[in-house]
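Below is one structure, written out as structure tokens; comments come after it.
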Amino acid sequence: MADIDLPPHLIDLESTAWAEQQAGALTVPTAAAVQQAVTEHAAAAGLSRYKVEAELKRRVRHPES
């Protein structure tokens, strides 16, 4: 999955959502913004939304892998 191009705004959105989740304060607007951005990026790139989301989460939550 490492060949999926993720624009910086997706990384920023997921980073914000992950920080909120870690603090126990994830909001619906933040989660919805991530999902919308992932869906739009996947559609524009002709990729599976699930694969884009999985790669995004991997990069933000486990950058060492």
Side-chain angles (χ1 to χ4, degrees):
M1 272 192 275
D3 60 337
I4 294 177
D5 181 39
L6 297 174
H9 77 278
L10 275 180
I11 301 285
D12 292 343
L13 283 170
E14 180 61 24
S15 295
T16 298
W18 182 236
E20 287 183 12
Q21 189 173 357
Q22 292 295 97
L26 180 62
T27 64
V28 171
T30 299
V34 173
Q35 286 301 304
Q36 181 176 351
V38 166
T39 300
E40 289 172 359
H41 178 70
L47 299 168
S48 162
R49 183 185 67 79
Y50 301 105
K51 288 184 179 181
V52 170
E53 184 176 1
E55 178 61 13
L56 179 61
K57 287 181 177 182
R58 185 198 65 77
R59 287 194 200 173
V60 169
R61 299 175 185 192
H62 308 286
E64 68 284 348
S65 60

Q. Are any side-chain N or O atoms of Glu20 and backbone N or O atoms of Thr30, one a donor and one an acceptor, separated by less than 3.5 Å?
A. no

Q) Are the side chain of Thr16 and the backbone N or O of Asp12 linked by a donor-acceptor pair below 3.5 Å? A)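 Confirmed, Thr16 side chain pairs with Asp12 backbone.
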
Could you give the distance from [atom1] ([X]) to [atom2] ([Y]), rounded to the nearest 0.5 Å?
X	Y	atom1	atom2	result
Leu6	Ile11	CG	CD1	5.0 Å
Ser15	Leu10	OG	CG	10.5 Å
His41	Leu13	NE2	CG	12.0 Å

Q. Nearest heavy-atom pair of Val34 and Ala17: which atoms, and what distance?
A.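 The pair with the smallest heavy-atom distance is CG2-CB, 3.8 Å.
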
Q. Same cluster or not: are Val60 and Leu47 linked, directly or through other Ile, Leu, Val, Met, Phe, Trp or Tyr residues, by side-chain heavy atoms under 4.5 angstrom apart?
A. yes

Q) Is it true that Trp18 and Val52 fall in one hydrophobic cluster, defined by side-chain heavy atoms closer than 4.5 Å? A) yes

Q: Return the set of residues passing side-chain contact (heavy atoms from CB on, under 4.5 Å) with Thr39 (not counting sequence neighbours), or none when no residue passes.
A: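 side-chain contact (heavy atoms from CB on, under 4.5 Å) check on Thr39 returns Arg49.
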
**Q.** Residue list, salt bridge (Lys or Arg N to Asp or Glu O under 4.0 Å) with Glu14, at least two apart or on another chain
**A.** Arg61

(Q) Could you check whether Glu55 pairs with Arg59 (Lys NZ or Arg NE/NH1/NH2 to Asp/Glu carboxylate O, under 4.0 Å)? (A)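 A salt bridge is present here (some side-chain N lies under 4.0 Å from a carboxylate O).
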
